[in-house]
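See structure below.
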Amino acid sequence: MKALQYREVGGAPEVVTVPDPVVGPGQVLLKVTAAGVCHSDIVVMSWSAEQLMFPLPLTLGHEGAGTVEALGEGVEGVAIGESVAVYGPWGCGACLMCAQGKENYCLRAEELEIRPPGLGAPGAIAEYLLVDDARHLVPLGGLDPVRNVPLTDAGLTPYHAIKGALPKLVPGSAAVVIGTGGLGHVAIQVLRALSPARVIALDVSEEKLELARTVGAHETVLSDERATARVRELTGGLGAQAVFDFVGAPPTVATATAVAAVEADVLIVGIGGGIAQVGFGVVPYDASVRAPYWGSRAELIEVLELARSGVVDVHVETYSLDEAPEAYERLHAGRVNGRAVILPNG
């Protein structure tokens, strides 16, 4: 089969031919209908050999959806031909966190060398994807896999971050979203659906700020040296009760803590290498800074229910498998507005 692989440190992803996966006991083979392209892959491909936590080559793609092609011995709960989304942060399935469906926080994943598809295990930007266990599949039903495959990360990750901050987002509150690309433009919609907060979106691109306005941001601010003052002005000098940084670079992390209100929740979601300065007198009183990761299996089901209700609509650009390297080039250059989606069998 054809697959998009990151093959050597510092190299560009390339389309190659690899052996077809063979389904084993307990496993599920999917014929991939859609796979999302995430900026996390760009970060991974920028790492040195010492930073990489898994061997190369690696088939990319940690957002996946497909139809069930084959079932391994003993698999129950899914049917051949069923349309499903893949829950990405695989865990051991048995530890305290996994027992709660929080496989994103599996306590033994590192010890057991369990890796998510596309981030250690073979990913979804291929004609077929081997899934380790049926519990990592969520039925899509009538949802369009192309428009909704990004929800497995670009939807689930902001939903998980926002859900934990909802107690702060009371009437009269403000929420700041930094970075309005793949995750950020979904976050704006989730905030509008789940809270009464006034949503203020920041980005460096006027095109992405226009997308932010389209999906429901109340205010948009160009993310430059004047952004903090502008957010303070928009919030009457108080700052925001919740701040979500979907970039995570040093400048955006500094902005995130600078625009926080007293007792705010600051969530650093992006993996751009920024480190928040936290201490007495550095951040507002009793502000909390957290770095959430992905989301639980139950939360993925909840995100897909939001899509079914029509309150979340992912803006996508589609590419064939042969065009996948171009999608990564466009993403790296900041020219993807929304989410790039690969159609491996399209």
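Fair warning: this is a prediction, and the values are worked out from it, not measured in the lab.
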Output for pair (Asn337 CG, Ser205 OG), nearest 0.5 Å, gives 7.0 Å
d(Met1 CE, Leu129 CG) to nearest 0.5 Å is 8.0 Å
Can you check whether Ala258's main-chain N or O pairs, donor with acceptor, with Arg232's side chain at less than 3.5 Å?
yes
Could you give the distance from CZ (Phe244) to CG (Leu183), rounded to the nearest 0.5 Å?
12.5 Å
A quick test of your reading: do over 12 heavy atoms of other residues, nucleotides or ligands sit less than 6.0 Å from NE2 of His218?
yes
If you count the non-hydrogen atoms of other residues, nucleotides and ligands that lie under 6.0 Å from CZ in Arg308, is the total more than 12?
yes
Is it possible for you to say whether Val146 and Leu4 belong to one hydrophobic cluster, with membership spreading through side-chain heavy-atom contacts below 4.5 Å?
yes
Look at the side-chain heavy atoms of Ile, Leu, Val, Met, Phe, Trp and Tyr, link any pair under 4.5 Å apart, and say whether Tyr293 and Val190 land in one connected group.
yes
Not counting sequence neighbours, which residues clear side chain to side chain contact (heavy atoms under 4.5 Å, CB included) with Pro57? List them please.
Gln5, Arg7
Taking atom CD of Glu233 as the centre, report whether more than 12 heavy atoms of other residues, nucleotides or ligands fall under 6.0 Å from it.
yes
Does a sphere of radius 6.0 Å around NZ in Lys31 hold more than 12 heavy atoms from other residues, nucleotides or ligands, not counting ones at 6.0 Å or beyond?
no
Is the backbone N or O of Val253 less than 3.5 Å from a side-chain atom of Asp245, with the two atoms forming a donor-acceptor pair by type?
yes
Heavy-atom closest pair, residues Ile268 and Ala256
CD1-CB, 4.3 Å
Going from CZ on Arg213 to OG1 on Thr180, what distance comes out if it is rounded to the nearest 0.5 angstrom?
9.5 Å
For Leu202 and Ala227, which heavy atoms make the closest approach, and how far apart are they?
CD2-CB, 3.9 Å
Can you tell me how far apart NZ (Lys2) and CD1 (Ile125) are? Round to the nearest 0.5 Å.
13.5 Å
Quick one, Leu140 and Glu82 - any side-chain contact, counting heavy atoms below 4.5 Å?
no
Rounded to the nearest 0.5 Å, what separation is found between the CD atom of Glu111 and the SG atom of Cys106?
9.0 Å
Does the side chain of Val75 come within less than 4.5 Å of Gln27's, by heavy atoms?
no
Full working for side chain to side chain contact (heavy atoms under 4.5 Å, CB included) between Val177 and Val199:
CA-CA 7 Å; Val177 173; Val199 179; 4.3 Å; yes
Assess whether atom CD of Glu8 is packed by more than 12 heavy atoms of other residues, nucleotides or ligands within 6.0 Å.
no
Does a side-chain heavy-atom distance below 4.5 Å link Asp41 with Leu119?
yes
Could you go through His136 and Val28, starting from their C-alpha distance and side-chain angles, then the distance that decides it, and tell me whether this counts as side chain to side chain contact (heavy atoms under 4.5 Å, CB included)?
CA-CA 10 Å; His136 295 142; Val28 180; over 6 Å; no
What verdict does the side chain to side chain contact (heavy atoms under 4.5 Å, CB included) test give for Val23 and Leu130, after you've listed the backbone C-alpha separation in whole Å, the side-chain angles of each residue and the deciding distance to 0.1 Å?
CA-CA 7 Å; Val23 66; Leu130 194 61; 4.2 Å; yes
Identify the two heavy atoms, one from Leu209 and one from Ala201, that lie closest to each other, and give their separation to 0.1 Å.
CD2-O, 3.8 Å
Is there side-chain contact between Lys163 and Glu302, with heavy atoms separated by less than 4.5 Å?
yes
Compare every heavy atom of Asn148 with every heavy atom of Ala307, then report the nearest pair and how far apart it is.
CB-OD1, 3.4 Å
State yes or no: do Val312 and Leu304 share one hydrophobic cluster built from I, L, V, M, F, W and Y residues joined by side-chain heavy-atom distances below 4.5 Å, directly or via other members?
yes
Check whether any side-chain heavy atom of Arg147 sits under 4.5 Å from a side-chain heavy atom of Val314, and report yes or no.
no
Are any non-hydrogen side-chain atoms of Asp313 and Val215 less than 4.5 angstrom apart?
no
Please indicate whether Gln51 has more than 12 foreign heavy atoms, meaning atoms of other residues, nucleotides or ligands, lying under 6.0 Å from its CD.
yes
Nearest heavy-atom neighbours spanning Arg108 and Cys95
CG-CB, 4.5 Å
Step through the shown structure and confirm whether more than 12 heavy atoms of other residues, nucleotides or ligands are within 6.0 Å of CD on Gln277.
no
Is a donor on one side and an acceptor on the other found under 3.5 Å between the side chain of Tyr328 and the backbone of Pro13?
no
Heavy atoms only: give me the nearest Tyr87-Leu156 pair and the separation to one decimal.
CE1-CD2, 4.0 Å
Are Leu300 and Val149 connected, step by step, through hydrophobic side chains (Ile, Leu, Val, Met, Phe, Trp, Tyr) whose heavy atoms are closer than 4.5 Å?
yes
What is the ring orientation for His315 with His185, classed by angle as parallel under 30°, tilted 30 to 60°, or perpendicular over 60°?
perpendicular
May I ask you to decide if Ala287's main-chain N or O and Glu263's side chain share a donor-acceptor pair within less than 3.5 Å?
no
Do any N or O atoms from the side chain of Thr157 and from the backbone of Ala154 form a donor-acceptor pair under 3.5 angstrom?
no
Could you tell me how the ring of Trp294 sits relative to the ring of His62: parallel (under 30°), tilted (30 to 60°) or perpendicular (over 60°)?
perpendicular
Do Arg230 side-chain atoms and Val221 backbone N/O form a donor-acceptor pair below 3.5 Å?
no
Is the shortest heavy-atom distance from the side chain of Val37 to the side chain of Arg330 under 4.5 Å?
no
Atom NZ of residue position Lys168 - does it have more than 12 heavy atoms of other residues, nucleotides or ligands inside 6.0 Å?
yes
For Ala65, is there any backbone N or O sitting under 3.5 Å from a side-chain donor or acceptor partner on Thr33?
yes
Taking Asp265 for its side chain and Ala242 for its backbone only, find out whether a donor-acceptor pair lies under 3.5 Å.
no
Please tell me if the side chains of Ser296 and Tyr159 come closer than 4.5 Å, counting only heavy atoms from C-beta onward.
no
Would Glu103 and Ile114 count as a side chain to side chain contact (heavy atoms under 4.5 Å, CB included) if you check the C-alpha gap in whole Å, the side-chain angles of each, and the deciding distance to 0.1 Å?
CA-CA 11 Å; Glu103 297 199 36; Ile114 300 171; over 6 Å; no
Side-chain (Arg115) to main-chain (Met53) donor-acceptor, under 3.5 angstrom:
yes
Check whether Val303 and Tyr105 end up in the same hydrophobic cluster, where Ile, Leu, Val, Met, Phe, Trp and Tyr are linked by side-chain heavy atoms less than 4.5 Å apart.
yes
